[in-house]
Structure formats: C-alpha cells, structure tokens
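Everything on this sheet refers to the single structure shown next.
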Amino acid sequence: QVQLVESGGGLVQAGGSLRLSCAASGSIFSINAMGWYRQAPGKQRELVASVTRGGSTKYADSVKGRFSISRDNAKNMVYLQMNSLKPEDTGIYYCNADILYSDATRVDYWGHGTQVTVSS
C-alpha cells in the first residue's frame, strides 16, 4: 500500500547538475531510513546515498563531495542533489524507503526508478 515515485532524471552533459525527488505515499506509519540507489546496465544495484529520520547520512565514495541527500519528514520526501555529474554516474536511480508499521513489521519499498544519463 506504499508507493514511491521518483522524478527529476534526465539527460545532462558532464559537469552538469540534476535534482532527484522521491515522494512516498500510502499507508505509512513511519519511515526510518530513505535512500537512493542506482543501477548501470549489466551491474548490480548499489547504494548512492541514504539518510535516517534523524538526519544521519551515508554516501558512496564515488559521489562524496558531489551529491547531497536530504529529506522532508513531514512530506515523506527525499531528495538527491547531484552536481559535477560524470558519465559514470549514468544509470537508473531508485528511491528506497524503510517503512515501520505499528506491529513492528519493517518493509523496504522501492520506486520504479528514474533514468539519469550523463554525456561526455
């Protein structure tokens, strides 16, 4: 009953910027961590950045200093500001949310992804 919808992907030249947004909706009791993952063709999905409800963040080494994750708890949204983009950043970016229900059940939800393509 939870849906995650990403937006903001597109085609940019190397050195450009994009801002991804993800909105969580549905029967949500609380959201613990939210994050962004990406998957390039033929590769495994990898963590790009994550943020806890309290604001603690993690970043992949490859994006540190270039990407910034943030969230709006009241709106159940998470953002990824991507600067100084490189061709190797190309891939499908997925939003993830760790949902906690009232019976203490935790479930990960995923969006359908948004394509980011960085040209050289």
Side-chain angles (χ1 to χ4, degrees):
Q1 296 185 9
V2 175
Q3 299 85 41
L4 303 180
V5 180
E6 304 101 331
S7 62
L11 173 65
V12 297
Q13 290 186 315
S17 297
L18 285 173
R19 184 173 184 262
L20 306 183
S21 299
C22 173
S25 62
S27 300
I28 300 172
F29 290 92
S30 66
I31 303 177
N32 294 317
M34 300 187 78
W36 290 94
Y37 292 71
R38 69 185 178 191
Q39 187 168 21
K43 297 182 66 178
Q44 296 275 18
R45 189 175 299 184
E46 64 175 347
L47 174 68
V48 177
S50 65
V51 58
T52 67
R53 186 172 184 85
S56 297
T57 59
K58 292 182 179 179
Y59 295 94
D61 288 341
S62 60
V63 307
K64 287 181 179 177
R66 300 189 296 120
F67 291 9
S68 179
I69 189 170
S70 61
R71 66 185 285 177
D72 186 330
N73 293 331
K75 296 181 178 180
N76 290 331
M77 295 191 69
V78 64
Y79 308 91
L80 185 68
Q81 179 67 45
M82 305 186 294
N83 299 322
S84 301
L85 283 162
K86 303 175 181 180
E88 49 263 47
D89 294 319
T90 293
I92 302 175
Y93 283 68
Y94 298 90
C95 179
N96 170 263
D98 178 15
I99 307 297
L100 176 66
Y101 293 96
S102 60
D103 63 355
T105 299
R106 295 177 64 177
V107 179
D108 275 347
Y109 286 88
W110 295 87
H112 292 300
T114 184
Q115 177 70 43
V116 172
T117 302
V118 184
S119 64
S120 58

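Values in this document were obtained by computation on a predicted structure and should not be read as measured data.
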Flag yes if Val48 and Ile92 sit in one hydrophobic cluster, no otherwise; membership is Ile, Leu, Val, Met, Phe, Trp, Tyr, and two members link when side-chain heavy atoms are under 4.5 Å apart. no

Contacts satisfying side-chain hydrogen bond (donor to acceptor under 3.5 Å, both in side chains) that involve residues 41-59 (not counting sequence neighbours) are Arg38-Glu46

Scanning both residues in full, the closest heavy-atom pair of Ala24 with Leu4 reads CB-CD2, 3.3 Å

| Are Val2 and Trp36 co-members of a hydrophobic cluster defined by side-chain heavy atoms under 4.5 Å apart? | yes

So ring pair (Phe, Tyr, Trp, His ring centres under 6.0 Å) across residues 68-117, not counting sequence neighbours, yields Phe29-Tyr101, Tyr37-Trp110

side-chain hydrogen bond (donor to acceptor under 3.5 Å, both in side chains) pairs touching residues 4-24, sequence neighbours excluded, are Ser17-Asn83

Glu88 meets the side-chain contact (heavy atoms from CB on, under 4.5 Å) criterion, sequence neighbours left out, with Lys86

Residues passing the side-chain contact (heavy atoms from CB on, under 4.5 Å) test with Ala14, sequence neighbours excluded, are Pro87, Val118

Interatomic distance, CD@Gln81 vs CG@Leu18, rounded to 0.5 Å, equals 8.5 Å

* Any link between Val107 and Leu100 through a network of hydrophobic side chains (Ile, Leu, Val, Met, Phe, Trp, Tyr) touching at under 4.5 Å? -> no

Gln115 meets the side-chain hydrogen bond (donor to acceptor under 3.5 Å, both in side chains) criterion, sequence neighbours left out, with Thr117

The complete set of disulfide (SG to SG under 2.5 Å) pairs with one or both residues in residues 3-108, sequence neighbours excluded, reads Cys22-Cys95

So salt bridge (Lys or Arg N to Asp or Glu O under 4.0 Å) across residues 64-74, not counting sequence neighbours, yields Asp61-Lys64, Arg66-Asp89

Rounding to 0.5 Å, atoms CE (Met34) and CD1 (Ile99) come to a distance of 7.0 Å

In short, salt bridge (Lys or Arg N to Asp or Glu O under 4.0 Å) pairs touching residues 100-116 with sequence neighbours left out are Asp98-Arg106

All heavy atoms of Ile31 vs all of Ala97, minimum pair found to be CG2-CB, 4.2 Å

